[in-house]
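To keep things clear, I will list the structure first and then write my remarks on it.
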There are 2 protein chains.
Amino acid sequence: MVERESRYDLGAILKAASDPTRRAILTMLAQQGPLRVTDIARRFEMSLNSVSKHIKVLENAGLVQRRTEWREHLIEVQMDPLSAVDEWFAGLRSIWALRLDALETALEDPEDDGTVP
Amino acid sequence: MVERESRYDLGAILKAASDPTRRAILTMLAQQGPLRVTDIARRFEMSLNSVSKHIKVLENAGLVQRRTEWREHLIEVQMDPLSAVDEWFAGLRSIWALRLDALETALEDPEDDGTVP
DNA sequence: ACTTCAGTCAACCATTTGGGTGAATAATGC
DNA sequence: GCATTATTCACCCAAATGGTTGACTGAAGT
């Protein structure tokens with residue numbers, strides 16, 4: 001059985017994705033497939049070190065996976081954690097919709113004064 | 001015609017949502033409907049000021065809206081910006097899927113050597 | 001052995017962030 | 001007019017962030 005459950009840190013995912021450089025890295029990886037750190041860095045006007053740090057943030061959030069073959073670190077995008085965000089959004093939307101439903105019902109029911117405590 | 005287009009700042013939305021306190025505020029607002037700043041703050045072990053700041057961050061990202069009726073500021077959750085995130089995720093996933101498709105096709109076609117440049 | 005290449009680690013710096021306090025603003029209630 | 005209520009504004013502070021450079025580790029090529 002697959003260990004279903006949000007094993008991902010929602011905050012970490014969102015924070016990782018909130019940086020434009022890191023989003024660009026993710027896009028690049030999705031388009032081009034697994035890349036080495038150096039290859040990624042070369043496409044940015046930024047030091048290799050900074051890119052390496054960004055990758056570590058992404059890795060930490062689970063948005064990227066590292067396959068250390070040979071002396072090269074192949075970085076691969078990982079879409080799974082995104083679903084944790086999807087799920088949180090869905091949850092938020094549903095409780096919001098639920099409240100609206102309750103509100104409507106209350107309005108139809110004249111016993112209630114229509115206020116939401 | 002509705003001004004469709006991502007008028008939202010993806011980075012701002014993600015960053016705003018990356019903080020646990022702010023996520024809690026959003027959840028609270030979704031459950032309870034519009035609330036005053038003070039009401040929100042009372043539910044946290046945190047100064048009113050800090051909560052006020054958090055709300056401003058959310059407001060800035062478009063995730064909440066302020067209806068300044070009377071002297072009270074009614075804060076209301078706004079789900080629209082979330083779709084900007086949805087869309088970005090969808091885009092990322094689709095370019096990723098596209099690349100995989102291309103890869104498969106290449107593998108079926110023996111003229112290609114199977115490598116992805 | 002020596003050099004080069006791929007990356008990380010460590011230290012540093014400026015800026016942002018998340019928190020706090022106290023004063024300021026503005027409307028209401030007396 | 002004065003106190004109360006609701007909220008923001010202006011600072012202060014510690015910690016985190018995004019970037020830099022320079023030293024280090026480890027594998028490959030010569």
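Only this structure's heavy atoms are used, side chains among them; waters, hydrogens and symmetry mates stay out. In what follows, chains are A, B, ... by sequence order, proteins preceding strands, each numbered from 1.
Listed by chain and residue number, A:Asp39, A:Glu72 satisfy the salt bridge (charged side-chain N to carboxylate O under 4.0 Å, His left out) test with A:Arg36 (two or more places apart in sequence, or in another chain). With sequence neighbours left out, B:Arg93 forms a salt bridge (charged side-chain N to carboxylate O under 4.0 Å, His left out) with A:Asp86. Partners of B:Gln65 under the side-chain contact (heavy atoms from CB on, under 4.5 Å) rule, at least two apart in sequence or in another chain, are B:Gln78. When the side chain to side chain donor-acceptor pair (under 3.5 Å) test is applied to A:Ser52, no partner is found at least two apart in sequence or on another chain. Applying the side chain to side chain donor-acceptor pair (under 3.5 Å) test to A:Ser50 and every residue at least two apart in sequence or in another chain returns A:Ser47. Checked against side chain to side chain donor-acceptor pair (under 3.5 Å), A:Ser94 has no partners two or more places apart in sequence or in another chain.
In this structure, NZ of B:Lys56 is placed 15 Å from P of C:dG19, rounded to the nearest angstrom. Separating the CG atom of B:Leu74 from the P atom of D:dT7 is a distance of 8 Å, rounded to the nearest angstrom. Straight-line distance from the CZ atom of A:Arg36 to the P atom of D:dA27: 17 Å, rounded to whole Å. Protein atom CD1 of A:Ile55 is 12 Å distant from nucleotide atom C1' of C:dA6, rounded to whole Å. The interatomic distance linking A:Asn60 (CG) with D:dA16 (C1') rounds to 14 Å, in whole Å. Rounded to whole Å, the distance from CZ on A:Arg66 to P on C:dA6 is 15 Å.
For the residue pair B:Ala30 and A:Arg99, the shortest heavy atom distance occurs at O-NE, 3.2 Å.
Rounded to the nearest 0.5 angstrom, A:Met46 CE and A:Thr21 OG1 are separated by 4.0 Å. With values rounded to the nearest 0.5 angstrom, A:Phe89 atom CZ is found 4.5 Å from B:Leu82 atom CG.
For residues 15-25 of chain B, the set of pairs meeting the salt bridge (charged side-chain N to carboxylate O under 4.0 Å, His left out) definition, not counting sequence neighbours, is empty.
Listed by residue number, B:Met46, B:Ser47, B:Asn49, B:Ser50, B:Lys53, B:His54 are the residues of residues 44-54 of chain B with a heavy-atom contact under 4.0 Å to DNA chain C. Listed by residue number, the members of residues 14-23 of chain A with any heavy atom below 4.0 angstrom from DNA chain D are A:Lys15, A:Asp19, A:Thr21, A:Arg22.
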Which protein N or O atoms sit under 3.5 Å from an N or O of nucleotides 24-30 of chain C?
residue, atom, partner, partner atom, Å
C:dA27, N3, B:Arg71, NH1, 3.4

In a table with atom names and distances, give each donor-acceptor pair under 3.5 Å that connects a side chain of residues 55-63 of chain B to protein atoms at least two apart or in another chain.
residue, atom, partner, partner atom, Å
B:Glu59, OE1, B:Arg66, NE, 3.2
B:Glu59, OE1, B:Arg66, NH2, 2.8
B:Glu59, OE2, B:Arg66, NE, 3.1

